Amino acid sequence: MSKLTAQGSSLISTMAINDNKAGMEGLNKEKINQIIFEASKGSKFFENEQKKEEQLNQKILEQQILISSLSSAMLFHGLKEADELIEKLKACQDLSHTIVHVDMDAFYAAVEMRDDPRLKDKPMAVGGMSMLSTSNYIARKYGVRAAMPGFIALKLCPNLVLVEPNFTKYTAVSQEIREIFAQYDPNFSPMSLDEAYLDLTEHLIYRRGSSNLCRIFLLRLKTDNSSIVVNDLECTCNLNAVLRPSVINLEELKINSVSSENLQEYLNSLDFSNFNLPKDCQVCNKKLPPFSLKLYDTTVEDAVLEMRNRIEQRTFLTASAGIAPNTMLAKVCSDRNKPNGQFQIHPDVQEIEEFMKNLPIRKISGIGKVTEKLLGSLNISLCSDLYKQRALLYHAFSSLTFQYFMKITLGMGSTSLEKDEERKSLSTERTFAEISDPAQLYEKCAELCQHLAKDLNEEQLMGKTVSLKIKTISFEIKTRSHTLQCYTNDEKIIFNAAKQLLKVEIDSVKQSLLRLRLMGVRMSKLVPQASNQVSIVSLFHQSNRLTSTASRTNTHNFNIQKTDFDEKDFSTSINILEANDPVLESTMTTRHSQKSLFQKTQSPQKKSIESGMKNSIMKFVSKSERCSDKIANNCYVESNIKVENNNNLRNLDCENSSSTSLKLQSNSKSNFSNAAMQNVSQATLISSVESKQKTFISCPVCGQQKFDWPLDQLNQHMDLCLSRKTIKTILQDDKNSNKRGAVQVENDDSLPSVPKRKKTQIAVDSYFK
DNA sequence: ATACATACC
DNA sequence: GACTGGTATGTAT
């Protein structure tokens with residue numbers, strides 16, 4: 001602090017170099033900060049940072065005032081509350097899991113160095129002049145790091161080599177490491193292309209009972225300690241896939257006869273030239289490299305070492321790992337011995353306490369530079385300080401944040417990896433050279449909406465809330481959002497909403513221009529698009545056929561009549577695109593699209609088995625029970641839904657149309673508008689019978705029938721029915737068997753640092769395959 | 001429901 | 001000269 005302010009009012013603390021990252025210890029921070037400062041000062045960006053800094057200082061000031069106004073009685077109360085919470089937390093501390101966080105070392109940079117050895121001894125970074133994704137360890141010595149603009153990095157390190165990112169390549173490598181992860185935890189939780197959490201608890205049980213053979217792997221012989229050296233003539237295929245089966249096969253009997261203690265020695269003594277092994281790789285035809293055999297123990301350390309070695313053999317890249325009883329600690333541990341190392345915190349309260357004592361709060365995932373500074377003003381810099389200042393924290397922060405802090409100080413975190421929650425939002429944004437011409441702004445907006453609609457369609461999603469994000473040339477960020485009447489992924493409807501949000505902003509700076517450097521569009525409140533909308537339409541036809549009085553129903557009935565926005569609220573002269581026929585047809589296939597550099601990808605298991613309809617039912621049901629106990633219930637709900645769903649389909653197929661109904665989100669005027677059809681994605685459809693322009697609808701839950709039941713009323717009715725009847729019955733048994741303690745905080749759900757994955761929608765039995 | 005801020009990679 | 005892009009979530013209103 002003092003050093004920074006000593007340089008004048010100028011240097012911004014939150015902008016200063018962050019030496020938190022591995023490989024950045026003991027830098028000449030002062031010099032680096034000076035260079036960053038010189039490169040930044042006077043820029044719009046810098047001015048905005050100053051503004052933010054002032055706001056933060058203001059917040060700190062207010063916090064100080066609040067703190068100093070606390071009476072000793074209040075402080076005592078805070079202390080009491082804190083201690084009570086801590087007791088409850090301790091009571092439900094779970095040390096029975098073995099969580100591992102695996103993180104590739106300088107991932108993008110490492111891939112580039114692997115593929116271009118000329119980079120190996122040079123400072124390099126992946127990214128461009130305006131932003132870096134990552135840097136190698138040589139560059140880090142100069143203070144060059146991820147999230148730093150390239151032009152500043154070049155000032156810090158004039159010899160820095162910039163490499164354009166190649167995401168296709170990183171994704172391919174990511175695929176390879178995930179294949180390995182899956183062998184240790186099929187339910188692993190990827191956080192980005194280069195890192196994942198694994199729950200090794202089950203693997204370790206299996207491992208302890210496994211034969212030595214299962215724990216022997218091939219390692220290429222290294223000429224030095226650091227990295228595998230490959231020459232051009234040698235095979236670089238997956239060595240353990242190509243050769244391990246034959247080696248193990250040949251040696252099986254002997255290996256089984258040697259005692260575990262002597263086995264490694266025996267493996268070292270083997271001379272493979274005597275073996276009848278292929279000399280060349282059957283995949284690439286190149287010469288197979290010389291190798292040794294390594295036996296790994298049944299311990300966690302060896303399991304993780306084995307995994308890391310296999311990653312290296314497979315990708316020629318190194319990974320670091322952290323082993324601990326929860327995700328929060330595992331994450332911190334994986335950073336401890338980076339690069340190419342691992343660290344374990346054993347499931348022991350004393351050891352955890354000892355570890356937390358001197359751990360800087362900034363190391364905890366979820367505590368960033370702002371929270372660090374905020375807490376710094378309360379003399380908190382280590383995790384143990386959170387405990388010391390617990391009485392203050394109780395008063396200074398929301399109860400959620402307070403709980404989060406208390407959990408940190410106790411070294412507690414999530415002990416399960418709840419996987420693959422459906423995404424909550426999808427967005428696209430672009431930075432550009434200043435645009436202020438309204439026509440061009442609308443044009444940009446249209447582009448973004450087109451992009452977003454494409455992504456939504458590729459992911460088979462529809463959303464309800466459209467948000468516009470803008471960043472002015474002075475880096476001020478604004479978001480404006482509007483929730484539509486119904487779910488959509490139609491480009492025109494999205495644009496119609498976005499353009500009107502944009503219009504308000506353009507109009508609001510009256511007499512002058514809205515000058516932007518960035519625009520983005522986001523869709524949230526997502527539901528899966530019914531994957532079989534076409535067949536649903538045909539089901540309408542089918543049910544019509546069943547009813548002699550049925551009137552014609554065709555797709556034109558579903559056309560949207562007007563745009564979703566109220567025209568009176570957002571009258572606009574811009575008329576580039578009008579909302580039209582949203583797409584009714586969609587395919588059954590689920591396509592994956594590669595998104596951000598860091599985005600998690602969903603597990604393949606899930607996507608392949610879900611139909612849109614089932615998804616929507618799951619979504620609907622889960623919403624009501626979102627906060628309840630998860631895994632067990634979900635499995636149960638899941639299987640019930642499956643049955644119900646099948647029954648539904650059977651009902652449709654046969655003539656039993658006694659219960660005919662449709663649950664739709666509120667809708668208007670026309671019996672079944674197009675928008676309503678889109679809402680089928682979150683509908684439970686059994687069947688529908690139309691007669692003489694009127695519709696006879698019955699609730700699929702209770703069977704109650706009504707003539708021309710207004711959709712919003714039916715909706716409400718079904719909400720009630722489902723939540724009251726279905727869910728309650730389904731969950732009744734579980735509630736009994738799954739008693740939940742009075743301690744709310746046991747569940748990590750709402751805490752910032754916890755990697756959140758909601759429920760597992762994979763069928764129960766797939767776990768055991 | 002909306003806006004903004006913080007955090008993560 | 002130049003300071004990203006995508007997602008989630010907490011806080012405040």
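Values in this document were obtained by computation on a predicted structure and should not be read as measured data. Here is how names work: the chains are called A, B, and so on, in the same order as the sequence lines, proteins then strands, and each is numbered from 1. Computed over heavy atoms, backbone and side chain alike; hydrogens, waters and symmetry mates excluded.
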Does any donor-acceptor pair link the side chain of A:S43 with the base of C:dC3 at a separation under 3.5 Å? no
What's the NZ-P distance between A:K59 and B:dC4, to the nearest Å? 15 Å
Starting at CZ of A:F432 and ending at P of C:dA2, how long is that distance when rounded to a whole Å? 15 Å
Nearest-angstrom distance from the residue atom NE2 of A:H101 to P of B:dC8: 12 Å
Centroid-centroid distance, A:Y394 to A:F402, less than 6.0 Å: yes
Counting the atoms with a prime plus P, OP1 and OP2 as sugar-phosphate, which does A:K478 contact under 4.0 Å by heavy atoms, base, sugar-phosphate, or nothing? sugar-phosphate
Rounded to whole Å, how long is the line connecting atom CG of A:L518 with atom C1' of C:dG5? 9 Å
Polar contact flag, side-chain donor to acceptor under 3.5 angstrom, A:T465-A:T483: yes
Residue met sooner reading DNA chain B from 5', once A:E372 and A:S481 are mapped to nucleotides: A:S481
For the C1' atoms, the ones on B:dA7 and on C:dT4, what distance do you get once it is rounded to whole angstrom? 15 Å
If you measure only the distance, is there a donor-acceptor pair under 3.5 Å linking the side chains of A:T401 and A:S398? yes
What is the distance, to the nearest angstrom, from the CD1 atom on A:I364 to the P atom on B:dC8? 10 Å
When we call it a touch if two heavy atoms are under 4.0 Å apart, what does A:K471 touch: a base, just sugar-phosphate, or nothing? sugar-phosphate
What contact category does A:E49 fall into here, base, sugar-phosphate, or nothing, at under 4.0 angstrom with non-hydrogen atoms? nothing
Among A:E505, A:E429, A:E476, which residue meets the salt bridge (Lys or Arg N to Asp or Glu O under 4.0 Å) test with A:K469? A:E429
5'-most by nearest nucleotide on DNA chain B - A:K525 or A:K369: A:K525
Looking only at side-chain atoms of A:S365, point me to the closest of C:dC3, B:dC9, B:dC8. B:dC8
Identify whether any heavy atom of A:K44 sits under 4.0 Å from a base atom; if not, whether one sits that close to sugar-phosphate; answer base, sugar-phosphate or nothing. nothing
Whole angstroms only, please: what is the CD1-P distance between A:I477 and C:dG6? 14 Å
Over how many whole Å does the gap from A:R423 atom CZ to B:dC8 atom P extend? 21 Å
Rounded to whole Å, the CG-P distance (A:L193 to B:dC8) equals 18 Å
Whether A:R178 engages the ring of A:F181 as a cation-pi pair (distance to the six-membered ring centre under 6.0 angstrom, angle to the ring normal within 45°) should be assessed. no
Heavy atoms only, 4.0 Å cut-off, all strands: where does A:A147 land among base, sugar-phosphate and nothing? base
